[in-house]
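Here is the structure we will look at, set down as structure tokens.
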2 protein chains.
Amino acid sequence: MANIDDVAKLANVSIATVSRVFNNSPYVSEKAKANVLKVAKDLGYEPSILARSLAMKKTNTIGLIVPDISNPYYGGVVRGIEDVCNLYKYNIILCNTDNSKDKEIQYINMLKSRWVDGIIFHSSYLSDEVYKIFVDSRIPFVLAGRGTKYDVPYVVIDNKKAAYDATEYLISMGHKNIGIIHGPLEGMRETVDSVDRLMGYKEAMKKNGLEICDELIREANFKAKSGYDATLEMLKSGILPDAVFAISDIMAMGAINAIFDFGLKCPEDVSVIGFDNIDISEITRPSLTTVAQPMYDTGATAAKMLIKIIGNEILDKKNIILKHNIVIRNSCCKFKNF
Amino acid sequence: MANIDDVAKLANVSIATVSRVFNNSPYVSEKAKANVLKVAKDLGYEPSILARSLAMKKTNTIGLIVPDISNPYYGGVVRGIEDVCNLYKYNIILCNTDNSKDKEIQYINMLKSRWVDGIIFHSSYLSDEVYKIFVDSRIPFVLAGRGTKYDVPYVVIDNKKAAYDATEYLISMGHKNIGIIHGPLEGMRETVDSVDRLMGYKEAMKKNGLEICDELIREANFKAKSGYDATLEMLKSGILPDAVFAISDIMAMGAINAIFDFGLKCPEDVSVIGFDNIDISEITRPSLTTVAQPMYDTGATAAKMLIKIIGNEILDKKNIILKHNIVIRNSCCKFKNF
DNA sequence: GTGAAAGCGCTAACAG
DNA sequence: CTGTTAGCGCTTTCAC
């Protein structure tokens with residue numbers, strides 16, 4: 001491939017002039033510019049971003065660390081990031097960690113030696129070790145989808161409030177025996193979400209003078225099967241729920257199947273509300289009422305923040321809480337005789 | 001950040017020696033090596049992949065062009081690519097095109113000036129223009145998920161055969177009036193898939209001596225709603241299908257809803273088979289019998305091919321056809337009295 | 001085994 | 001407006 005020297009020689013100018021042309025410097029005569037452009041085109045010359053990055057110590061590249069891109073949630077987030085990055089002439093290097101701390105560290109180091117301008121980190125958890133590496137590396141970064149005790153930029157939704165709202169929505173329809181299917185409360189994976197959402201549920205119940213019943217609180221693992229099993233156990237436990245809040249859509253679908261297999265109907269006998277608003281939640285039967293997570297916006301906002309930080313702009317807000325909202329479909333209805 | 005000079009000075013060696021140490025050259029004394037490593041660690045030195053890439057004219061980076069990463073299908077493919085790349089110490093730059101030819105071209109040029117070692121291109125169509133750009137750029141590339149008339153490496157499934165098999169599966173259960181919901185047959189988007197699958201359907205019908213009825217062939221656009229509408233029209237057309245083949249799972253779900261709303265049951269009255277085997281096809285009711293596309297393998301295989309090409313290895317096969325398979329669940333049953 | 005020096009392709013003073 | 005030159009951080013001959 002032709003390089004800057006080739007162009008300079010053939011155009012009878014110095015490489016500085018060629019460089020100026022390709023950087024839209026105003027200090028080039030129209031004549032020289034036209035000539036350089038012509039020669040460049042003939043030669044099929046494109047400036048090497050690599051060499052430019054080395055010279056400028058700026059790569060216009062952003063590292064992106066997520067657990068698993070094959071999960072539609074992350075797909076949505078990443079799409080938001082990429083769109084914004086593309087707008088600002090950044091490109092992204094994608095890394096999948098499966099939430100493994102080792103992989104996270106390995107990737108951060110790789111991105112560092114690639115001189116990325118910044119990193120967007122979306123993991124189920126920001127460990128102390130990873131936090132330290134970030135700080136030591138001095139690479140600008142923002143956390144997506146996850147808050148932290150550390151004073152770093154992040155963009156999240158208010159999981160507790162979202163769960164509170166979901167529960168209160170159920171309560172507003174007259175339901176009293178409200179069950180919850182949550183995820184693991186210990187270990188790394190998605191733990192924080194589970195804890196926060198369970199808290200929001202409990203708070204809503206208390207605030208509304210409803211009894212919190214252990215039989216109606218069940219742990220699952222975010223898979224459909226686990227949601228199914230947990231719901232079935234709940235139904236069989238003796239105290240029948242009139243509504244169930246599953247903290248993910250997939251588990252909610254498992255819950256609906258369980259209700260059906262138990263011989264009841266959803267929403268007539270038991271209402272179900274989910275969380276996430278994944279694509280298919282609107283085509284299932286019944287279509288799923290759910291708490292919508294702004295996946296795309298989470299990514300887009302994180303990218304905007306990071307690009308600002310990279311450009312040394314001041315953030316008006318270091319921590320952004322995106323709004324969730326309840327998408328009302330057909331899996332919830334009013335309590336009988338309410 | 002410390003660079004190679006800093007390390008060399010502090011370790012009292014030349015930068016050549018430092019370089020040798022970090023490239024595992026055998027021609028370094030144990031003593032020097034240990035010393036360099038120690039100093040490097042103290043300084044937190046990591047070789048700059050950027051500078052190395054410039055010097056070696058090799059970036060260990062692969063460009064990845066897909067229509068839309070928020071689509072779970074591409075998420076699966078990309079995950080396969082990333083896993084293989086990671087194994088071979090490559091990293092990926094992700095680009096979303098929404099199947100826009102302009103964006104494809106823009107991204108290819110960008111990747112070229114970033115000196116990526118190769119590109120994996122997954123689009124609904126390889127246009128003549130894009131093909132030419134690829135060839136002119138001399139960048140190694142492989143097509144994923146899509147064949148072409150050109151002599152370039154690609155990895156695909158046999159869409160026609162897959163549709164043939166799906167149809168024959170239905171036939172083997174005694175169904176005769178078999179409908180198909182296909183996608184657009186003209187324009188860019190997903191056209192090739194539609195054409196091939198429709199062809200496979202027709203071939204299977206003919207081979208088995210079944211009549212091909214225009215009323216049972218309906219076009220939709222891969223959305224659930226369109227699958228729903230197309231199916232409803234088909235049901236209302238007078239000639240009732242005993243089975244429907246929808247060429248995507250999402251449309252298949254729309255079809256099932258339509259059958260239900262029409263007052264019939266799936267699979268008892270009308271069997272439905274889908275295509276893709278997306279995650280949720282196993283949790284819907286009825287769970288969906290479908291043709292499984294090897295998403296992860298498509299990506300993984302494409303990545304392996306590309307890495308071989310980059311390494312100047314000879315490919316045993318330039319075009320790889322991955323096996324599809326039918327995942328039997330509950331949306332198909334035998335024809336009454338069969 | 002080790003070091004000096006010439007690139008890799010580009011940007012950015014600086015001098016004219 | 002334009003050219004010269006010194007880097008950016010690393011690899012790789014070629015001597016010693």
Side-chain angles (χ1 to χ4, degrees), chain A residues 1-37 39-40 43-61 89 109-117 137 139, chain B residues 1-37 39-40 43-61 89 109-117 137 139:
Chain A
M1 251 199 52
N3 65 21
I4 199 170
D5 279 307
D6 303 332
V7 178
K9 250 167 229 158
L10 240 149
N12 274 315
V13 294
S14 71
I15 59 168
T17 299
V18 178
S19 173
R20 287 191 188 100
V21 169
F22 279 91
N23 287 292
N24 289 313
S25 159
Y27 309 115
V28 195
S29 66
E30 282 303 320
K31 205 172 143 186
K33 184 171 176 178
N35 187 227
V36 165
L37 249 22
V39 171
L43 259 43
Y45 168 77
E46 286 278 349
S48 162
I49 298 186
L50 209 62
R52 171 183 291 166
S53 298
L54 184 62
M56 298 182 43
K57 284 173 164 284
K58 169 111 165 62
T59 56
N60 268 63
T61 308
K89 309 293 172 205
N109 286 327
M110 179 277 288
L111 292 169
K112 186 176 147 196
S113 42
R114 277 189 186 271
W115 288 14
V116 296
D117 296 333
S137 74
I139 300 177
Chain B
M1 249 201 53
N3 65 21
I4 199 170
D5 278 309
D6 303 332
V7 178
K9 250 166 228 156
L10 241 150
N12 275 314
V13 294
S14 72
I15 60 167
T17 298
V18 178
S19 173
R20 286 191 188 102
V21 169
F22 278 90
N23 288 292
N24 289 313
S25 158
Y27 308 115
V28 195
S29 65
E30 281 306 317
K31 206 172 147 185
K33 184 170 176 180
N35 187 226
V36 166
L37 251 23
V39 172
L43 258 44
Y45 167 77
E46 286 278 350
S48 161
I49 297 186
L50 209 60
R52 172 183 291 167
S53 298
L54 183 63
M56 297 181 42
K57 285 172 163 284
K58 168 107 167 63
T59 56
N60 268 62
T61 308
K89 308 293 172 207
N109 285 328
M110 179 278 288
L111 292 170
K112 185 177 147 195
S113 44
R114 276 187 187 272
W115 291 13
V116 295
D117 296 332
S137 74
I139 300 178

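Being a predicted model, the structure only gives us computed values, none of them experimental. In what follows, chains carry the letters A, B, and so on, assigned in the order in which the sequence lines appear, proteins first and then strands, with residues in each chain numbered from 1. We use all heavy atoms of the structure for the numbers below, so side chains are in, but hydrogens, waters and symmetry mates are not.
For D:dC10, one of the phosphate oxygens OP1 or OP2 lies less than 4.0 angstrom from a side-chain nitrogen or oxygen of B:Tyr45. Residue B:Ser19 has no polar side-chain atom (N or O) positioned under 4.0 Å from OP1 or OP2 of D:dC10.
Here the P atom of nucleotide D:dT13 and the CZ atom of B:Arg20 are 11 Å apart, to the nearest Å. Between B:Met56 atom CE and D:dG9 atom P there is a gap of 18 Å when expressed in whole angstrom units. Rounded to whole Å, the distance from OH on B:Tyr27 to P on D:dT12 is 13 Å. With rounding to whole Å, B:Asp5 atom CG is found 11 Å from D:dG7 atom P. In this entry the distance linking NZ of B:Lys57 with C1' of D:dC10 reads 14 Å, nearest Å. In this structure, the CG atom of A:Asn35 is 10 Å from the P atom of D:dT2, given to the nearest Å. Rounded to an integer number of Å, the gap from B:Leu50 CG to D:dC10 C1' is 10 Å.
In this structure, a donor-acceptor pair under 3.5 Å is absent between the side chains of B:Ser53 and A:Arg114. Looking only at atom types and distance, the side chain of B:Lys33 has no donor-acceptor partner in the side chain of B:Asn35 under 3.5 Å away.
Among the protein residues, B:Ser48 comes within range of the sugar-phosphate backbone only, with heavy atoms under 4.0 Å from sugar or phosphate atoms but none that close to a base. Looking at heavy-atom distances under 4.0 Å, B:Ile15 makes contact with a base. Residue contacts for A:Val18: at a heavy-atom cut-off of 4.0 Å it reaches no nucleic acid atom on any strand shown.
Taking both residues in full, the closest heavy atoms of A:Ile4 and A:Tyr45 are given as N-CE1, 3.5 Å, listed atom of the first, atom of the second, then distance.
The closest side-chain heavy-atom distance from B:Met110 to A:Asn60 is not below 4.5 Å.
Side-chain atoms of A:Asn3 come within 3.5 Å of backbone atoms of A:Asp5 as a donor-acceptor pair (strictly under, hydrogens ignored). The main-chain N or O of B:Asn109 is found under 3.5 Å from a side-chain atom of B:Ser113 such that the two form a donor-acceptor pair. Under the 3.5 Å distance criterion, the side-chain polar atoms of A:Asn23 are matched with a main-chain donor or acceptor of A:Ser19.
From one end of the helix from C:dG1-D:dC16 to C:dG16-D:dC1 to the other, with five pairs defining each end axis, the axis direction shifts by 40° (rounded to 10°).
Nucleotides of DNA chain C with any atom under 4.0 Å from a heavy atom of chain B span, from 5' to 3', C:dG1 to C:dG9.
The CZ atom of A:Arg52 lies 12.5 Å from the OG1 atom of A:Thr59; values are rounded to the nearest 0.5 Å.
For A:Lys58, the NZ atom sits in a packed shell: over 12 heavy atoms of surrounding residues, nucleotides or ligands are nearer than 6.0 Å.
Where B:Ala51 and B:Glu30 each meet DNA chain C at their nearest nucleotide, the meeting point lying more 5' is that of B:Glu30.
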